[in-house]
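First comes the structure, then the notes that go with it.
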Amino acid sequence: METLGYLIDGFGVALAPHNLMFALIGAFLGTLIGALPGLGPANGVAILIPLAFTLGLPPETALIMLTSVYAGAMYGGRISSILLNIPGDEPAMMTCLDGYPMAQKGKAAEALAISAIASFMGSLIATIGLILLAPLLAKFALTFGPAEYFALFVLAFATLGGITGKNPVKTILAAAIGLMIATVGIDNTGTQRYTFGVLELYEGVDFIIAIVGLFAISELMFFIEDRAGGGKGPMKVNKLTLSWKEIGSIFPTTLRGGVLGFISGVLPGAGASLGSFISYTLEKKILGSKGHFGEGDPRGVAAPEAGNNGASSGALVPMLTLGVPGSGTTAVLLALLISMNITPGPMMFTQNADIVWGVIAALLVGNFLLLLLNIPLVGIFVKLLSVPPKYLLPIVTMVAFVGIYSISNSAFDLYFMVAFGVAGYILRKLEIPLVPIILGLLLGPEMEKNLGHALTISDGDWSVLWSSGLSITLWALAIIGLVLPVVVGPILRRRMKAAQENVG
């Protein structure tokens, strides 16, 4: 009953006219961003964070808008997958397997509608799971001491690669870079670290500048390099003729996919890619010869879409309750919260209950808005796919520069952002992931603080870090999370690649 009361209060926040308006704007922009190949939700949210500061939005409104962008980008990723056979981001890759064959058969509209319905169901199931699980996990997290939190942060870094990670060594290297950047500034004892006499570095590196530079500016450079000439135009979309019987046939698929996706999202490091893959694979095994997977089976579109959207909402559980991001995009959202002096974790459910439950309620409202947007307006999103990048680049650049300058009115921050952009471009060229760098930058200060507190309490005895059953469990999970990508990751990637090649 207590949870229900909080949720009702959350709807009061989410349904406020200005919050509802920004949720709608976020859903529209997110769908557009998701539809553009290569951008993805993490880049989309990073690009629009400066907009939240430029507009001077309060924390709950900013978070509602950007979570709507997140959800919308997960919806939008399937548009280019179905029409161009180009995944909007990695989780949308599995949608290509049956979505594009459906489009080739003249059923593009049906494939887009099915994906929108499956995305809605997956997100709805996961949001209900978030409502039920998050308060329980937050109460459990209140039993954590400094040693347990330090072990939890180690677990977060150990599972960064996820079992779909390409190179665990590069992931660890990226996390180390992020932790190194986090040490810049003045520490708790008043000692300067790596400031090189630059006054602007005394307070450390602003993670919003780092995020916009690493994600948005580096993405602009890739646009200039790879897409300046434009791409092939989208396939023509036929008139929608989807029947209620066809919708009913995908209902069990969306239920299974939503549950599997939610579980994948809650597990740190697993994420939407795993959610879409296991949902598709399980559905293929359940249906067996009854299905026509790889040939344009509607259930082959519904399963991965329900899975990856379920995972996107599930990833909010560890972020809100433990302060540990469950995905790259939630790492960016975590940065937004910290920049607004809000500390994600168990105390957030009591100290900032209006924000937490407002966002959760906004997810429910946003799912309905996205469903209403995606089916009737899909023709608009399709046409936007053919807009040359040369017209999109100036808009994205303007949002990034104006937003960052509005935060501090400092030209140094603009140069710093560009420097991070160049660094991000080089790192991506070397296939070093950016999310671990951001996570190291975000969690590094808290990790250092908890380590210091634990050692102070124990008079410098390092064994305090593994002295409780809970901390031992977290350390064991961290070791498993570190080893699992090396063992399982290559097998999973080979299967995903084989599935695409068999269809292609």
Side-chain angles (χ1 to χ4, degrees), residues 29 33 36 38-55 62 66 69 170 173-185 193-228 328-329 331-336 338-339 388-442 444:
L29 292 176
I33 288 167
L36 296 171
L39 274 181
N43 283 336
V45 174
I47 288 168
L48 292 176
I49 278 181
L51 182 64
F53 285 99
T54 303
L55 297 175
L66 292 174
V69 171
K170 289 184 177 180
L173 174 62
I177 293 171
L179 288 171
M180 289 171 62
I181 297 173
T183 62
V184 174
R193 300 186 297 191
Y194 312 114
T195 58
F196 306 106
V198 179
L199 184 63
E200 286 85 356
L201 294 179
Y202 281 19
E203 294 184 1
V205 176
D206 190 325
F207 32 77
I208 298 297
I209 294 172
I211 285 172
V212 175
L214 287 172
F215 283 94
I217 303 301
S218 69
E219 187 62 36
L220 295 178
M221 293 179 179
F222 273 94
F223 259 129
I224 293 171
E225 181 184 25
D226 298 332
R227 306 182 182 93
T329 314
V332 179
L333 291 173
L334 178 68
L336 174 71
I338 295 174
S339 68
K390 63 183 180 181
Y391 297 123
L392 295 173
L393 283 171
I395 299 173
V396 175
T397 306
M398 180 188 69
V399 169
F401 275 81
V402 172
I404 290 298
Y405 188 76
S406 69
I407 296 174
S408 61
N409 297 320
S410 169
F412 177 85
D413 288 349
L414 296 180
Y415 296 131
F416 212 21
M417 177 185 69
V418 172
F420 269 110
V422 173
Y425 174 80
I426 295 170
L427 290 169
R428 289 173 66 179
K429 279 288 187 181
L430 296 173
E431 296 187 348
I432 295 174
L434 301 182
V435 169
I437 297 175
I438 294 301
L439 199 59
L441 183 57
L442 290 174

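Computed from a predicted model, the values in this text were never measured in an experiment.
Here CG of L29 is found 6.0 Å from CG of L48. Values are rounded to the nearest 0.5 Å. Rounding to the nearest 0.5 Å gives a distance of 11.5 Å between NZ of K170 and CD1 of I177. Rounding to the nearest 0.5 Å gives a distance of 13.0 Å between CG of L201 and CZ of R193. Interatomic distance, L179 CG to I437 CD1, rounded to the nearest 0.5 Å: 10.5 Å. Taken to the nearest 0.5 Å, the CD atom of E200 stands 12.5 Å off from the CG atom of D206.
Contact detail for F401 and L414: the closest heavy-atom pair is O-CD2, 3.6 Å. Of all the heavy atoms in P436 and A174, the pair that sits closest is CB-CB, 3.7 Å. Between A62 and A52 the shortest heavy-atom distance is CB-CB, 4.0 Å.
Sorted by first and then second residue, the side-chain hydrogen bond (donor to acceptor under 3.5 Å, both in side chains) pairs with a member in residues 173-185 form an empty list; sequence neighbours excluded.
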Can I get a per-line list of side-chain donor-acceptor pairs under 3.5 Å for residues 207-218, giving both atom names and the distance, sequence neighbours left out?
unit_1	atom_1	unit_2	atom_2	d
S218	OG	L214	O	2.3
S218	OG	F215	O	3.3
S218	OG	R428	NH1	3.1

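More than 12 heavy-atom neighbours from other residues, nucleotides or ligands sit within 6.0 angstrom of CZ on F412. Within 6.0 Å of OH in Y415 there are 12 or fewer heavy atoms belonging to other residues, nucleotides or ligands.
Partners of S410 by side-chain hydrogen bond (donor to acceptor under 3.5 Å, both in side chains), not counting sequence neighbours: none found.
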- Task: I would like to know whether F416 and V198 meet side chain to side chain contact (heavy atoms under 4.5 Å, CB included); could you show each step before the answer?
- Result: CA-CA 12 Å; F416 212 21; V198 179; over 6 Å; no
